[in-house]
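Within every chain, numbering begins at 1; the chains are lettered A, B, ... in the order of the sequence lines, protein sequences first and strands thereafter.
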Amino acid sequence: MSLENFIQRATSEWMKVKGPQSDIVFSSRVRIARNLTELPFPMMAGTSQGEKVVKTIEKAWKKIKKHQPILQSAELIRMENLTDLEKRVLVEKHLISPSLAEDSRHGAAIISHDESLSIMINEEDHLRIQVLYPGLQLEKAWELASSIDNLLEKELSFAFDDQVGYMTNCPTNVGTGIRASVMVHLPALAMTQQLNRLIPAIMQVGLAVRGIYGEGSEALGQLYQVSNQVTLGQSEEEIIENLIGVVLQMIEHEQSARTRLTSISIIQLEDRVYRSLGILAYSRIMDSKEAMKRLSDVRLGIDLGMIQDVGSNVMNELMVMIQPGFLQQYAGERLNPEERDIQRADLIRERLRMEKQTD
Amino acid sequence: MLCPECGKRPATIHYKKVVNGQKTEYHLCELCAQEKGEQMPGFDHGFSFHHLLSGLLNFEPITQMGNPQDDASHSPQVLRCPSCGLTYNQFSKIGRFGCSDCYSTFQQWLDPLMRKVHGNTKHNGKVPERARGKIRMRHDLEKLKEQLHRKIHEEAFEEAAQIRDQIRALQRQLETE
């Protein structure tokens, strides 16, 4: 497969469009958890019950899809029909969760053609409706997720209680069942050592800050995921407003840190950015940690206007494509970690060369 | 000191094990401790949010050393969800519900749990269309019952009979929904 074709397939349609505030906010995501009445949650479900959940949801989706173009274009994928590598690629694109890929029985996902909508079936809960948008667009993401929820609700009976709201497998999702999150790039705050103060402050207002691959992952490439923790007692709109309010403040802090950095140590910053670009353009072996760090530097250089001949979308693409699943898919074979590091360096060099040619 | 198991990493986990009165001291690094986890109570699951929950709930401490029958005998709640079969013991250990009926089975722990996790016990967000109808019907039902009492009290039996019919119709509707 040529690199161009591979990029076409590797990057979701939604990623190719620039969203609001996209120099700092890479993406917005809203996920809502729903369960069917009458059937036990996936954790307690027997084989026939797990299958029944998939069948019931598939039937409902087929009935409602004419009302919503995004559902019309979607496809239902069963985890048992995918290879480990294919599942890994879906995880790396954030279309399914690692636990759906690895642990689910009768796991499936309905994924829209542009990959902005994904409905996971038989993850922790019977349904997880997820919408991903570029930039800061949480309200829009919630609108779409909620409208899909409304359509599904016409065909399905969701477990709901006046007191606790939507009932979920884990008590941390009960009530609204909503998890709203944004992925932010905070290199200047990291360089100026301000994150150590900022992150605890954010946690104090009931939000969680994590590395990009969710729970327990470290922040690679200065990318952080900020999300709500509380799902009960507040309305969905309040939860989203609260999160947006905090994210806007983070953006402001990051911007002023960027301005300060360029005014007091522009030559050091330029050196760091161009050094990273040089390493990306010429290295032969690169592990993912270093790659993410270098890509983060270059992305900052692009956002600050230091580098003009590389598009910011190239950095977004590469951050997705240098992950192990993608690298192996591109190579068309299984690779051990050493081979992956070589493949990663090759892919980055090739992609940057392509960018130069199209100038 | 280095972990004697792998000889590479520092030993950070220290514990004593008593088997038949024989006391043995262990010093392991985290990784080796995890690998040995099968035989050691308390190390076997790694640490996650769900292990915090049993602490939050002041559940009985979970020991895997004791014999399960002993556990049941000094646990006052030998509860099991009639729908999915999740036991109180499992619920307290994993901190998750097995089905929507577990919420009523384990009702007595619900409020404190929700207050600790969310600082709140009452849902304040979206209500599904279906439930909206039900909530309204339940509300109407309560009102009609009040009216019925009033009419009977006023000895307006003809009107009372009409209201009784309305109540029956609503109850039937609620049951079939």
| With only heavy atoms counted, which part of Thr121(B) is less than 4.5 Å from chain A, the side chain, the backbone, both or neither? |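 Its backbone and side chain both get close to chain A.
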
| task | Measure Phe158(A) against the heavy atoms of chain B and call it side chain, backbone, both or neither at under 4.5 Å. | result |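 The answer is neither part of Phe158(A).
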
| query | Non-hydrogen atoms of chain B under 4.5 Å away: do they reach the side chain of Ile32(A), the backbone, both or neither? | reply |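 No part of it gets close to chain B.
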
| said: Quick check on the interface: out of Asn35(A), Thr231(A), Ile178(A), who has the most heavy-atom pairs with chain B under 4.5 Å? | reply: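 When all of Asn35(A), Thr231(A), Ile178(A) are compared, Thr231(A) has the most.
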
| said: Out of Gln234(A), Gln163(A), Met44(A), Gln49(A), return the one with the most heavy atom pairs under 4.5 angstrom to chain B. | reply: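 Winner by heavy-atom pair count: Gln163(A).
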
| Value rounded to 0.5 Å, distance of OG1 in Thr172(A) from CZ in Arg96(B) |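 Answer for the OG1-CZ pair, Thr172(A) versus Arg96(B), is 7.0 Å.
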
| request: Look up atom CG in Asn169(A) and atom CD1 in Ile94(B), then write down how far apart they are to the nearest 0.5 Å. | output: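 If I round to the nearest 0.5 Å, the distance is 7.5 Å.
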
| said: For chain A, which candidate among Gly98(B), Ser83(B), Cys81(B), Cys84(B) shows the most heavy-atom pairs at distances under 4.5 Å? | reply: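 Going by pairs under 4.5 Å, I would pick Gly98(B).
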
| Looking at Gln90(B), Lys122(B), Met114(B), which makes the most heavy-atom pairs under 4.5 Å with chain A? |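 The candidate making the most pairs under 4.5 Å is Lys122(B).
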
Is it true that, when you exclude [X] itself, more than 12 heavy atoms of the residues, nucleotides or ligands shown sit nearer than 6.0 Å to its [atom1]?
{"X": "Glu38(A)", "atom1": "CD", "answer": "no"}
{"X": "His67(A)", "atom1": "NE2", "answer": "yes"}
{"X": "Lys52(A)", "atom1": "NZ", "answer": "no"}

What are the two closest non-hydrogen atoms of [X] and [Y], and how far apart are they?
{"X": "Thr168(A)", "Y": "Tyr103(B)", "answer": "O-OH, 2.6 Å"}
{"X": "Tyr166(A)", "Y": "Lys126(B)", "answer": "CE1-O, 3.6 Å"}
{"X": "Ser100(B)", "Y": "Phe41(A)", "answer": "N-CZ, 3.5 Å"}

| request: Go through Leu86(B) and Met43(A) one step at a time and tell me if the side chain to side chain contact (heavy atoms under 4.5 Å, CB included) criterion holds. | output: CA-CA 10 Å; Leu86(B) 189 78; Met43(A) 178 183 93; 4.0 Å; yes

| field | Side chain to side chain, Leu110(B) and Val164(A), heavy atoms closer than 4.5 Å | value |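 Yes, close enough: below the 4.5 Å cut-off.
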
Less than 3.5 Å apart, which donor and acceptor atoms pair up between the side chains of residues 155-164 of chain B and the rest of the protein, not counting sequence neighbours?
residue: Glu159(B); atom: OE1; partner: Lys151(B); partner atom: NZ; Å: 3.2

| said: Does His123(B) form a side chain to side chain contact (heavy atoms under 4.5 Å, CB included) with Thr176(A)? I'd like the steps, not just the answer. | reply: CA-CA 7 Å; His123(B) 177 56; Thr176(A) 54; 3.9 Å; yes

| task | Considering only heavy atoms, give the residues of residues 148-155 of chain A separated from chain B by less than 4.5 Å, sorted numerically, with 'none' for an empty result. | result |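 Within residues 148-155 of chain A, near chain B: Asp149(A), Asn150(A), Glu153(A), Lys154(A), Glu155(A).
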
